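A quick write-up on the structure given underneath.
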Amino acid sequence: MTETRPTRSARAEASTSDAPSHRYDAALANAIEAKWHDRWDAEHTFWAPNPTGPLSEGFDAVADRRKLYVLDMFPYPSGAGLHVGHPLGYIATDVFARFQRMAGHNVLHAMGYDAFGLPAEQYAVQTGQHPRVTTENNIANMRRQLRALGLGHDSRRSIATTDVDYYRWTQWIFLQIFNSWYDPAQDKARPIGDLVLQFESGERDASPHTGGRDWSDLDHVERRELIDSYRLAYIAEAPVNWCPALGTVLANEEVTSEGRSERGNHPVYKRPLKQWMMRITAYAERLLRDLDVLDWSESIKQMQRNWIGRSVGARVRFPVVNHEGLDIEVFTTRPDTLFGATYMVLAPEHPLVDRIVPVDWPGGEQLDEWLETPASWRGIFGADVTPAEAVARYREFAAAKSDVERQAETREKTGVFTGAFAFNPTNDQAIPIFIADYVLMGYGTGAIMAVPAHDQRDFEFAKELDLPIVEVVRPPDTWLEEHGVTAGTPADQWPEAYAGDGVGTNSTNDQVSLDGLPTPEAKQAINEWLRNSGFGEPTVNYKLRDWLFSRQRYWGEPFPIVYDETGLPVALPESMLPVELPEITDFEPRIVADDEDTLPEPPLARADGWAHVELDLGDGRKPYVRELNTMPQWAGSCWYYLRYLDPTNDDALVDPDVERYWMHGTRGDGTPAAGGVDLYVGGVEHAVLHLLYARFWHKVLYDLGHVSTPEPFQRLFNQGYIQAFAFTDERGIYVEASEVEERDGGYFLDGEPVTRQYGKMGKSLRNVVTPDDIYRDYGADTLRLYEMFMGPLDQSRPWNTADIVGVHRFLQRLWRNVVDEETGALHVSPETADDETRRLLHRTIAAVADDMATMSFNTAIASLFTLNNQLSRVVGERGAAPLEIVVPLVLMVAPLAPHIAEELWERLGHAGSLVYEPFPEADPVLLVDELVEIPVQVNGKVRGHVMVPPDADAAATEAAARGDEHVAALLAGKTVRKVVAVPGRLVNFVVQQQ
RNA sequence: GCCCGGAUGGCGGAAUCGGCAGACGCGACCGACUCAAAAUCGGUUGCCGCGAGGCGUGUGGGUUCGAGUCCCACUCCGGGCACCA
């Protein structure tokens, strides 16, 4: 590139042309920043020593400091590079980490790259360039952009998930999970070998899972199948989210509620496929319970709670009429309404449907009151056909509806009678069994008991198909009134179901009566009856499903799994790790048709020499076929925070002593904690993806003794987003935002008016501002300061380049207060500051230290502005800045704008970096003013101010207030009914209203 | 529909416990410097009013000597979940 940048701003031109030669401008800032980046690198300034091992050099010097682990969410190295919105969190953690170093902590702060994933692979498909090349280029560019920000990361600890040395340990963790099972008795994961021992010793009975056969009756393959069914990582054929456009299946968490892929918004179809699953459901209760001890925002906790979806209820078994021994099991949160169950509904794909469907529609004595099956039960699906045909038709109808269509529809209830009946166990009444798509196979047991009087969905279905509606919970009078009915109104004349608590009614048999019982007691009573009668038992159900863990992709971690002649998976031994990705040239998914009939073929299937191997896994050398799927992108990001601790360890994923030092159960301030990372900063978009998966893996590692804390992230902070204005022309097309001019309250591009919009920064809105632009025009310190000054970290706010000059001027004034702009010489003085300035200094120190600790960086900066403005006044008067003010000011600025602070620190005569200098401390004596100004109110309105000593009591303050001329005039001739005098705060005279 | 979060000048935002609303910055206006402009420096800037003063934190009520802050009802905006039994 030989030509000069055409976009170089006029401001930068002007400031470099005829400004004083030692003014702090972009050019000077860039020079200073480059110098300190090199210095920090050369001096290993940000190397945080481990207590032991290869990274422990220098630990003795920091051994008495408290540890602090600060972490940013793992970034994906995008080919587009960073825009100014990306580093917001990184700057915040860096400011916090720098402050905490000055406050006496040994701070671990590192940055790595979540580098597997779709974009590099899709780029490879388009260009033929290997994803590794693309990925490494992107990482290099991102490293450059982040280095320019002056982030104090320990560069030795930077890892990428694509490093073979890293994914070797991702595979190792997979093996740990694969080789474990969840023992409900101990409520933890245990080695799979323990389970085998339990079966062999007879301690655990195999027969319930094998059709009544004992472990000793099983052959080798059957035993493996049984054991495999217990593993925390297992293969299952289940309806999965197949996304043809992405050529892969997706986890539930990766599918939006509109039934589209979170990445790319492509249609997703349910189809049965054999896939790897992770048994995260075994941890549902612990994942939920342990949220209570985490310092996370309530909203994120709530999102995880919703996703886990715990509900308390009961399982109830309904015997199927004419099928001896066959029960339909349902889950209900309202077992107290069991007497009101007038029909049942199965999900259309429920496996029992085919077994219960009779040859003909029932009639005569099977139906208590009707002579033949009512037409309404058969509806349009069952008219003129057999039950089997009706079921088939309905299934076809339901399957044809995509999730999107279901969403869009008005949720009119549809369904069809199966022709079969079940007994309501409370009263032995035969109730009809339907299939309907409002019952989902994936939740509970895929079957429900329908209580139309007390469930709105069942109510609507009952109305639609003309089914009986029986009241078993008496609603409160207020509800009856509001719905225009009385206590005597039959439930089928209610305008809607009553789903709330009430008092039991119509619920009595020989053994139990719920009549008159309030709902909570009724639940207890019926649960007891269910247990005694054997029809059911209380239980807890979760919405959370197991995690679908395989992807039909190339650019991901290969599984350390092969298959032998039985087709069952065999774990590779640790000694065979890593399983490296084979080199291939064709990354294209084989079939990309955007419909639901295509089958995925993993790209690894084409690596013939790799996929088929001969190995000796203890059975002698024999052929095996490798697992051809790869792991999802979430795998690598599930544990990277552990690898930062000990990135070079070849013997373990992390040394236990190192792990305990950085992670173990105390917070930075010494109080007990459940999780190891002291501060984790990132976007809210990972609320139920990464944060749930990582907690799950961490708990498995905890159960197996590989980590010492039950939770990975003690404190989570969700930063807001930087949004930006965008502009559309009259066609509604986005135009380049940086070229739009504002004048007379309107916006114009090339003289044509354009419309201002607001949204996420990105290519599609053409409103990207890159950090490189800002470095060029102002320098990195200005960018850092601006991003921290824009507002509170947890809120989203608009980027506004025009506002940047404010913080840039601050740095310029700070510089000018210390360095002569014309000569470059220092103009500081050892003379003491005046009392007012000194007091302001100490107030500022107190405020800034407090704000830094609570990450209120915007107000910390405001305080620094105020002090610097005062210093400017002093310099104006005296021609020199008192060192007494300058030194602490520079130290306070250091976490926020480290380059200029280091430079000033050096010019002030210090040899080393200020990174580990103690943060200034406020003198408490100077925080108290000699006189304080107190507002004086009359009837709540401020009418004057008086100066009083800070320790003046109420009487003295009131006396002073009465002495104020203006106040005295207002009080003259009026009756003071009450005086509120709050010492140090205010005085309020309450006078008779005239 | 359910669950969270939010609403303060022209703009971004500030205001530990219920105690001077609008800190700090942008913008705007005035002035200094300059032949001039930019940059820089100083001042003014919630609204109405010449002023005294009045009004003012999404809306309507309430508690209180006193409410941006607490309570009740609502409006709008953002996010999450959603036929979850």
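Computed from a predicted structure; not experimentally measured. Chain A is the first sequence line, chain B the second, and so forth, proteins listed ahead of strands; every chain is numbered from 1.
Closest approach to the A/E933 side chain among B/G27, B/C20, B/A85 is made by B/C20 (side chain taken as heavy atoms from C-beta onward). When each of B/A85, B/A14, B/C20 is scored by its nearest atom to the side-chain atoms of A/T333, the top-ranked nucleotide is B/A85. Picking from B/G12, B/C65, B/A14 the nucleotide with the shortest atom distance to the side chain of A/R797 gives B/G12. Among the nucleotides B/G12, B/C26, B/C41, the one closest to any side-chain atom of A/R809 is B/C26. Of the candidate nucleotides B/G27, B/G12, B/C17, B/C17 has the atom lying nearest to any side-chain atom of A/R985. You'll find that the side chain of A/R457 is closest to B/C83, out of B/C83, B/C26, B/A15.
The base of B/C26 has none of its N or O atoms less than 3.5 Å from a complementary donor or acceptor on the side chain of A/D803.
Pair check for B/C29 finds B/G43; Watson-Crick or G-U wobble, both atom distances under 3.5 Å. Using N1 to N3 plus N6-O4 or O6-N4 for Watson-Crick, or N1-O2 and O6-N3 for G-U wobble, each under 3.5 Å, B/C65 pairs with B/G19.
For B/G66, the base is anti relative to its sugar; the glycosidic angle deviates from 0 by more than 90°. For B/C26, the glycosidic angle deviates from 0 by more than 90°, giving an anti base.
Residues A/L88 and A/Y721 have side chains not in contact (no heavy-atom distance under 4.5 Å, counting atoms from C-beta outward).
Separating the CG atom of A/N858 from the C1' atom of B/A15 is a distance of 12 Å, rounded to the nearest angstrom. Taking atom CG on A/L291 and atom C1' on B/C4, their separation rounds to 15 Å, with Å as the unit. For the pair A/L864 CG and B/G25 C1', the interatomic distance rounds to 13 Å; values are reported in whole Å.
At the heavy-atom level, A/S311 lies under 4.0 Å from the strands shown only through sugar-phosphate atoms. Using a 4.0 Å heavy-atom cutoff across all strands shown, A/Q937 reaches at least one base atom of the nucleic acid.
Rounded to the nearest Å, the gap between the P atom of B/G22 and that of B/C4 is 34 Å. For B/U59 and B/G10, the P atoms lie 14 Å apart once the distance is rounded to whole Å. Comparing the same atom, P, in B/C55 and in B/A7 gives a spacing of 25 Å after rounding to whole Å. To the nearest whole angstrom, the two P atoms, one in B/A39 and one in B/C71, are 48 Å apart. With P as the reference atom, B/G13 and B/A23 are 15 Å apart, rounded to whole Å.
The side-chain tip of A/K413 points at the ring of A/Y438 from less than 6.0 angstrom away and within 45° of straight on.
Within 6.0 Å of the NZ atom in A/K760, the count of heavy atoms belonging to other residues, nucleotides or ligands does not exceed 12.
Side chains of A/S311 and A/N541: no donor on one and acceptor on the other come within 3.5 Å. In this structure, a donor-acceptor pair under 3.5 Å is present between the side chains of A/Q870 and A/R873.
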